[in-house]
Amino acid sequence: MLSTDLLGPALGIAASPFGIVPAILMLFSARPRLGALGFLAGWSAGVLAGLVIGALASEALAARGPGPLFGPVRVGAGLALLWLAARQW
């Protein structure tokens with residue numbers, strides 16, 4: 001079952017600015033309509049595939065529960081993010 005909590009992030013991903021530059025370049029191509037339809041189909045399929053994979057992985061992990069490496073991996077990811085934040089700052 002798909003949670004409505006995922007709808008906001010899914011719409012944010014779908015409306016992200018990463019598609020703007022290719023769309024503008026595509027509009028100036030020789031056949032913009034065909035390119036736009038292909039781009040829309042590919043973009044939609046990619047977002048849908050990511051959403052389905054994420055939902056299936058979430059359900060599989062929730063049913064199994066956290067493994068013994070969950071804590072150390074989470075701490076390591078947090079430390080890596082803190083290090084990246086410190087480097088950026």
Side-chain angles (χ1 to χ4, degrees):
M1 177 190 275
L2 185 62
S3 173
T4 56
D5 295 336
L6 296 175
L7 187 58
L11 290 175
I13 291 169
S16 70
F18 294 117
I20 293 174
V21 172
I24 291 172
L25 293 175
M26 177 183 40
L27 290 176
F28 291 112
S29 69
R31 298 186 318 198
R33 185 168 300 200
L34 184 62
L37 290 175
F39 182 75
L40 179 64
W43 186 267
S44 300
V47 169
L48 182 64
L51 186 64
V52 168
I53 290 170
L56 291 175
S58 172
E59 288 180 14
L61 290 175
R64 195 177 70 171
L69 291 177
F70 180 74
V73 168
R74 191 172 183 184
V75 169
L79 290 174
L81 289 173
L82 285 174
W83 179 73
L84 287 172
R87 255 187 63 188
Q88 182 71 25
W89 188 47

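One is the number of the first residue; the rest follow in order along the sequence.
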Using the rule side chain to side chain contact (heavy atoms under 4.5 Å, CB included), only one of Val47, Leu48, Leu40 pairs with Ser44; which is it?
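Of the listed options, the one satisfying the test is Leu40.
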
According to side-chain contact (heavy atoms from CB on, under 4.5 Å), who are the partners of Val73, at least two apart in sequence or on a separate chain?
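Partners of Val73 by the side-chain contact (heavy atoms from CB on, under 4.5 Å) criterion, ordered by chain and then number, come out as Leu69.
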
Output the distance between atom [atom1] ([X]) and atom [atom2] ([Y]), rounded to the nearest 0.5 Å.
X     : Y     : atom1 : atom2 : answer
Ser29 : Leu27 : OG    : CG    : 7.5 Å
Leu84 : Leu79 : CG    : CG    : 11.0 Å
Arg31 : Leu37 : CZ    : CG    : 11.5 Å

Taking ILVMFWY side chains as joined if any heavy atoms are under 4.5 angstrom apart, and letting links pass through other members, which residues group with Ile53?
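Members other than Ile53 - counting any ILVMFWY side chain reachable under 4.5 Å - there are none.
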
Could you list all the ring-ring contact (aromatic ring centres under 6.0 Å, His included) pairs where at least one residue sits in residues 46-89, not counting sequence neighbours?
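Residue pairs passing ring-ring contact (aromatic ring centres under 6.0 Å, His included), neighbours aside: none found.
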
